[in-house]
Structures are given as structure tokens and as C-alpha cells.
Amino acid sequence: NLRFGNRISLVIDVTDDAYQARTLKLILQPLVENSILHGILVKRDKEGVITITGKSEGNALLITVSDDGAGMTERQALALSEAYSPGYGIRNIDQRIKLRCGSQYGLSYESSLGRGTKVTIRIAKQL
């Protein structure tokens, strides 16, 4: 936030059981970076909020990174969800999760043009 003149707020809401769970290293950084560069800084005022949540759901840990940035079309979000991500960082995260946890885990996207994007990381609780 120092780098961007305090124009970006961060909200973290992680349940106690999720906070204690183990995850793969460096899975949040590329997502937060994308929220800033492709979401918030694309907006006219270049201000926004990034929210990170974490919770357990059955045998999975769900971590979301959402922003109130520029968002993307449904087609763009679907392309990302179907592993056509042009960026190495995002593709790397998804592939690492699938290799470690199985094909039912990985990244999924929801977005609305002009309203923001939400990326959900589904990872096995027991790594």
C-alpha cells in the first residue's frame, strides 16, 4: 500500500480453523498483484479494496481474493477458469494445486465488468 499511496485497502477475514491450515507457498501473491494491476489501477480513481477470506468446507480449504476493481467479462473469467490463463503466475498456482491435491482443486473465477473480480482457491485441507 505504501507503493500505491495508501489508495488500496486490505481486508482479511480468515476463520481460526482455516488460519491454522497448511497451504502451498506463494499462492496469494500473484492473485493480489493481479487485483492491483489489472483491477484497481485500471479504474479511473485508482483506489480500491482487496479482501482475502479463508474458511474450511468439508475436506477443503477455500481462500478467496476479491477486489472492487475494473472486473472482466464473463468470457474472460471463463477462460481463466478453464486454464487458458495467459499469465504464468496464475497458471502455475492452479497447476501446483492440482498436482498436489487433485483435479477437483484449483482456482475458479467470478467477475463482473466494472464491479470487480473474485478468485477462489480450493485446496485440500490435508496437504
Side-chain angles (χ1 to χ4, degrees):
N1 203 10
L2 181 62
R3 179 177 167 201
F4 299 107
N6 290 319
R7 293 176 292 168
I8 301 169
S9 298
L10 176 64
V11 176
I12 299 176
D13 182 17
V14 178
T15 62
D16 289 337
D17 60 331
Y19 188 77
Q20 299 300 320
R22 294 181 61 195
T23 66
L24 298 172
K25 294 180 180 181
L26 295 173
I27 60 174
L28 290 178
Q29 186 273 338
L31 299 174
V32 172
E33 187 174 283
N34 278 359
S35 288
I36 294 168
L37 297 177
H38 303 294
I40 294 170
L41 293 182
V42 175
K43 292 171 43 178
R44 180 173 293 157
D45 64 4
K46 299 186 183 333
E47 294 182 358
V49 177
I50 296 173
T51 303
I52 299 173
T53 65
K55 67 179 181 177
S56 292
E57 185 178 275
N59 292 327
L61 175 65
L62 299 180
I63 303 168
T64 64
V65 177
S66 58
D67 64 65
D68 63 351
M72 62 184 112
T73 66
E74 187 176 326
R75 181 178 174 181
Q76 289 170 314
L78 181 61
L80 290 173
S81 292
E82 293 180 347
Y84 298 119
S85 173
Y88 293 109
I90 300 303
R91 189 173 32 221
N92 183 337
I93 294 168
D94 192 50
Q95 289 176 351
R96 285 175 42 223
I97 292 170
K98 287 180 182 345
L99 283 171
R100 184 72 182 257
C101 303
S103 61
Q104 70 271 35
Y105 296 97
L107 303 180
S108 61
Y109 299 82
E110 298 173 43
S111 192
S112 178
L113 198 56
R115 298 193 56 176
T117 301
K118 176 178 163 182
V119 181
T120 300
I121 304 167
R122 178 178 289 276
I123 191 166
K125 250 195 238 182
Q126 304 297 322
L127 289 178

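The structure presented is a predicted model; accordingly, all values stated were derived computationally and were not measured.
Proximity of a side-chain donor or acceptor of Lys125 to a complementary backbone N or O of Gly58 within less than 3.5 Å is detected.
Both Leu37 and Ile50 sit in one connected hydrophobic cluster of ILVMFWY residues. Membership requires side-chain heavy atoms under 4.5 Å apart, directly or through other members. Grouping the Ile, Leu, Val, Met, Phe, Trp and Tyr side chains by contacts below 4.5 angstrom, directly or via other members, places Leu62 apart from Ile12.
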>> Go through it in stages, so that I can follow the logic: the residues are Arg96 and Ile27, the test is side chain to side chain contact (heavy atoms under 4.5 Å, CB included), and I'd like the CA-CA distance, side-chain angles, deciding distance and then a yes or no.
In response: CA-CA 9 Å; Arg96 285 175 42 223; Ile27 60 174; 4.1 Å; yes
> Should Val32 and Ile52 be marked as a side chain to side chain contact (heavy atoms under 4.5 Å, CB included) after you check the CA-CA gap, both sets of side-chain angles, and the distance that decides it?
Replying inline: CA-CA 9 Å; Val32 172; Ile52 299 173; 4.0 Å; yes
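Within a 6.0 Å radius of CG in Leu26, no more than 12 heavy atoms belonging to other residues, nucleotides or ligands are found. Residue Asp17 places its CG atom among more than 12 non-hydrogen atoms of other residues, nucleotides or ligands, all under 6.0 Å distant.
The heavy-atom pair separating Ser56 from Thr15 by the smallest distance is N-OG1, 4.3 Å. The nearest pair of heavy atoms linking Ile93 to Pro30 is CD1-CG, 3.6 Å. The two residues Asp67 and Ser35 make their nearest non-hydrogen contact at OD2-OG, 3.1 Å. The two residues Gly106 and Asp94 make their nearest non-hydrogen contact at CA-OD1, 3.2 Å.
The structure places CD1 of Ile97 at 9.5 Å from CG of Asn92, a figure rounded to the nearest 0.5 Å. Residue Ile90 holds its CD1 atom at 8.5 Å from NE2 of His38, rounded to the nearest 0.5 Å. One finds the CG atom of Leu61 at 11.0 Å from the NZ atom of Lys55 (value rounded to the nearest 0.5 Å). Annotation: the span from Leu24 atom CG to Tyr105 atom OH amounts to 12.5 Å, rounded to 0.5 Å. Taking CD1 of Ile121 as the reference point, atom SG of Cys101 lies at 11.0 Å (rounded to 0.5 Å). Atom CG of residue Leu107 and atom NZ of residue Lys98 lie 7.0 Å apart, to the nearest 0.5 angstrom.
With sequence neighbours excluded, the residues satisfying side chain to side chain donor-acceptor pair (under 3.5 Å) with Thr73 are Gln76. Looking at residues two or more places apart in sequence or on another chain, you find a side chain to side chain donor-acceptor pair (under 3.5 Å) between Glu57 and Arg122. By the side chain to side chain contact (heavy atoms under 4.5 Å, CB included) test, Asp13 is found to be paired with Thr53, residues two or more places apart in sequence or in another chain being considered. Thr120 meets the side chain to side chain donor-acceptor pair (under 3.5 Å) test with no other residue; sequence neighbours excluded. Remark: Gln29 pairs with Glu33 by the side chain to side chain contact (heavy atoms under 4.5 Å, CB included) rule, at least two apart or across chains. Residues that satisfy the side chain to side chain contact (heavy atoms under 4.5 Å, CB included) test with Ala70, not counting sequence neighbours, are Val42. When the side chain to side chain contact (heavy atoms under 4.5 Å, CB included) test is applied to Asp16, no partner is found at least two apart in sequence or on another chain.
Pairs of residues two or more places apart, or lying in two chains, never qualify as side chain to side chain donor-acceptor pair (under 3.5 Å) while including a residue from residues 39-49.
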In residues 111-119, what donor-acceptor pairs under 3.5 Å come from side-chain atoms, sequence neighbours left out?
{"unit_1": "Ser111", "atom_1": "OG", "unit_2": "Met72", "atom_2": "N", "d": "2.8"}
{"unit_1": "Ser111", "atom_1": "OG", "unit_2": "Gly116", "atom_2": "O", "d": "3.0"}
{"unit_1": "Ser111", "atom_1": "OG", "unit_2": "Thr117", "atom_2": "OG1", "d": "2.8"}

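Grouped with Val11 in one hydrophobic cluster are Val49, the linkage being side-chain heavy-atom contacts under 4.5 Å among Ile, Leu, Val, Met, Phe, Trp and Tyr residues.
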